[in-house]
Amino acid sequence: MNKLKENLNKAVALIRVVLYLRLSDEDRNKLTKEQISESIKNQEIMLREYANEQGWQIVGIYNDEDWSGGDNTRPNFNKMIKECENGNVDVVLCKTQARFARDAELIEKYLHNKFHEWKVRFITLVDKIDNTKRETKKTSQILGLTDQWYIEDTSLNIRETFKAKRKNGELTASFSTYGYLKDPENKNHLVIDPVASVIVKRIFDEYMSGYGVRTIAERLNADKILSPLEYKKLNGVKLHNPFVKNLMDLECINRTGTYMITINFNNNSNQILNNLISFNYLTTDMKTFNNKCEITLKKYSSNKTKLYYSTKENLDTNSFNVDDFVLLNENDTLPDNTTCIASLTETLDRTHNIDYQFEITLKENVKKDKFYFYVKHIVDNNDLNVDLDFNVNIRKKLMWSAQTIKTILQNEVYIGNLIQGKTTTVNYKNKTVIHVPEDEQPRKDNTHEPIIDKVIFFTIQERLQEVARSCKSGEMNAFSRRVYCQNCGKIFRKCGKNNPDGYGYFCCKDKEIKWVNCDNRKYLSEKELNEFVLEKINTLLKRFYSQDNLNELKDNMVEKDLFQEKIKALEKELDSIEKELENKSSYFQRLYEDRLNGILPEKEFLILMNKYKDDIEKFEERKKLIIKEISITNQKKETLKSKKNIFKKYEHIRKLNVEIVGDFIDKILVGKYDEESNTREINIIWNFTI
């Protein structure tokens with residue numbers, strides 16, 4: 001009889017249970033900070049006690065905090081499901097069914113289908129759901145529907161609330177834009193981040209100085225400035241970014257680049273652990289570190305733990321001898337011949353954990369090796385049933401990119417305007433990102449303190465539209481997208497190689513088609529153009545700073561006619577497009593009538609109709625661009641007026657760059673070279689009347 005009881009006890013002990021905990025945003029809004037902290041703890045305590053009473057073996061605890069129950073992309077939820085599918089789980093234990101999911105489809109898929117297939121029992125403590133009991137199935141299905149209705153209603157209410165707040169200029173985003181922080185006294189208002197705002201100013205200053213977006217990104221990475229996503233993660237922000245999801249949880253390192261490896265140890269045991277030691281290896285075959293990798297300790301959050309490295313071969317990993325190791329401090333870079341990293345924690349109770357992070361750069365990988373991070377741990381309490389939870393996360397370090405720089409340069413948040421709702425999702429279940437048309441995005445101006453001056457911002461918008469390329473040096477040519485042919489109207493582009501002094505030549509773009517439409521074939525020396533424009537601008541500055549002409553020039557150059565010629569030309573083109581659209585509409589009406597009257601065959605009508613649609617689309621697209629350009633120019637005009645004039649920025653200019661040329665000049669028109677007089681006409685169209 002005693003033998004039978006002993007066998008039964010052993011059978012019970014083999015039942016493997018996982019605990020699933022969740023706290024979502026919809027729950028969070030109802031709780032205080034203290035209640036939030038206690039909620040997850042209490043869920044775990046309740047489930048642990050029940051599992052221990054049943055004599056089950058807890059083989060995993062999965063926690064998805066800040067995730068909705070309707071989201072099937074929850075990371076730890078999916079890890080738990082994978083363990084169930086692999087046959088490593090006998091029981092899934094939750095406080096309520098809603099903790100597992102608030103989606104009738106997920107409930108039906110797993111509780112009543114897949115779990116039966118995988119022989120996994122699902123139990124909840126509060127609503128008494130047990131998928132092995134037929135009498136609870138209908139209750140489970142009803143709860144699944146009501147939970148789904150609840151989350152649908154909540155989602156709709158949140159969307160409507162957000163719409164109202166956005167119209168009033170209140171911030172609704174989960175995170176503040178890089179360069180700003182959420183106001184501690186009002187989470188719907190932005191305040192300037194004193195650290196990140198310096199980098200934002202640097203980006204705008206460098207672009208104004210002529211650096212291209214790719215060069216700016218490379219310079220920031222070279223200076224080891226954290227990218228916006230890395231900066232947010234450093235400050236504890238939990239990002240659920242679908243665009244970088246495939247970079248956040250890697251199995252190994254196999255491509256060149258920079259990676260972050262986080263090692264986290266949680267003591268899930270009730271007892272205190274003494275002399276906890278871990279040995280860490282980055283390896284392809286469990287042997288040693290590899291000198292292709294540069295490794296730096298980036299984060300070291302546990303004051304109870306000391307980290308060491310060793311260059312000794314054939315270490316005994318069953319014990320720890322401090323004489324074999326060197327103490328490792330934060331931001332230390334390990335020598336190339338490092339063989340092992342060790343962590344030593346003399347005492348660790350259940351309320352503390354170990355957390356450290358390495359930055360690893362793989363310089364080359366010709367053989368396409370796969371580098372795994374391996375952790376082996378030993379502890380004095382190894383004779384006890386110690387519940388160890390060592391986690392290693394490998395992810396790609398998120399660097400600055402040209403697109404990130406361009407996004408920052410185009411964001412009106414930096415001049416104090418709030419434009420929200422740029423993207424949305426299909427619904428709370430379908431997370432496919434949909435881009436909202438620009439004219440449907442709610443905006444509110446002057447909602448917070450700006451970081452960037454409006455003059456600089458709108459000057460940059462104009463330059464970004466010109467799609468100028470930077471030179472090999474990383475700087476844009478001072479005359480980029482400013483020089484045009486006076487004969488055919490095409491742009492003058494850089495051509496040929498630069499001279500030893502760094503200057504090259506410009507020629508009409510018609511050269512690409514062998515001068516079919518233009519005979520303005522003579523190259524224009526960049527050096528001569530530079531000297532010509534520099535002299536003209538300095539002449540204007542000299543006149544401006546002449547006391548006799550100061551007031552007159554202020555009136556003529558600044559107060560009256562800033563950008564007048566450009567705006568007139570754009571408005572004229574807009575009027576022409578409007579007339580073309582009217583003519584096209586009348587033309588299509590006649591086509592349609594001819595088709596109805598049998599004058600025009602169906603096949604020809606369809607051909608002409610498609611051409612009409614193509615023409616209309618092109619005109620409408622150009623119309624949008626012109627309206628936007630007029631708006632930007634008017635805003636730039638107003639902001640320049642408020643600063644009095646651009647002349648106060650300069651007194652005498654020694655060297656031209658893209659910022660200076662852009663401040664003074666709209667276009668430079670280059671005429672045909674006169675062989676008899678050895679001269680050519682060059683006309684400068686200024687941003688003001690002179």
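Keep in mind it's a predicted model, so treat the numbers as computed, not measured.
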- Task: Measure the OG-NZ distance between S227 and K233 for me, rounded to the nearest 0.5 Å.
- Result: 10.5 Å
- The residue among T333, L334, D332 that forms side-chain contact (heavy atoms from CB on, under 4.5 Å) with I295 is L334
- Message: If you apply the rule ring-ring contact (aromatic ring centres under 6.0 Å, His included), what do you find for Y374 with F279, and how did you get there?
- Response: CA-CA 8 Å; Y374 169 69; F279 295 102; 9.9 Å; no
- NZ-OG1 distance between K363 and T361, expressed to the nearest 0.5 angstrom: 8.0 Å
- Message: Closer than 4.0 angstrom, basic N to acidic O: yes or no for R395 and E230?
- Response: yes
- Ignoring hydrogens and angles, state whether a donor on the side chain of S68 or D71 is under 3.5 Å from an acceptor on the partner side chain. no
- Note on the structure: The reported gap from CZ in R159 to CG in L156 (rounded to nearest 0.5 angstrom) is 7.5 Å
- Side chains of T139 and T136: donor-acceptor distance under 3.5 Å anywhere? no
- Can you tell me if R16 uses its side chain to pair, donor with acceptor, with the backbone of G87 under 3.5 Å? yes
- Item | K109: salt bridge (charged side-chain N to carboxylate O under 4.0 Å, His left out) partners, not counting sequence neighbours | none
- Message: My understanding is that only residues two or more places apart in sequence, or in another chain, count here; which of them pass ring-ring contact (aromatic ring centres under 6.0 Å, His included) with Y259?
- Response: none
- Item | From Y356 atom OH to S278 atom OG, the distance as rounded to the nearest 0.5 Å | 3.0 Å
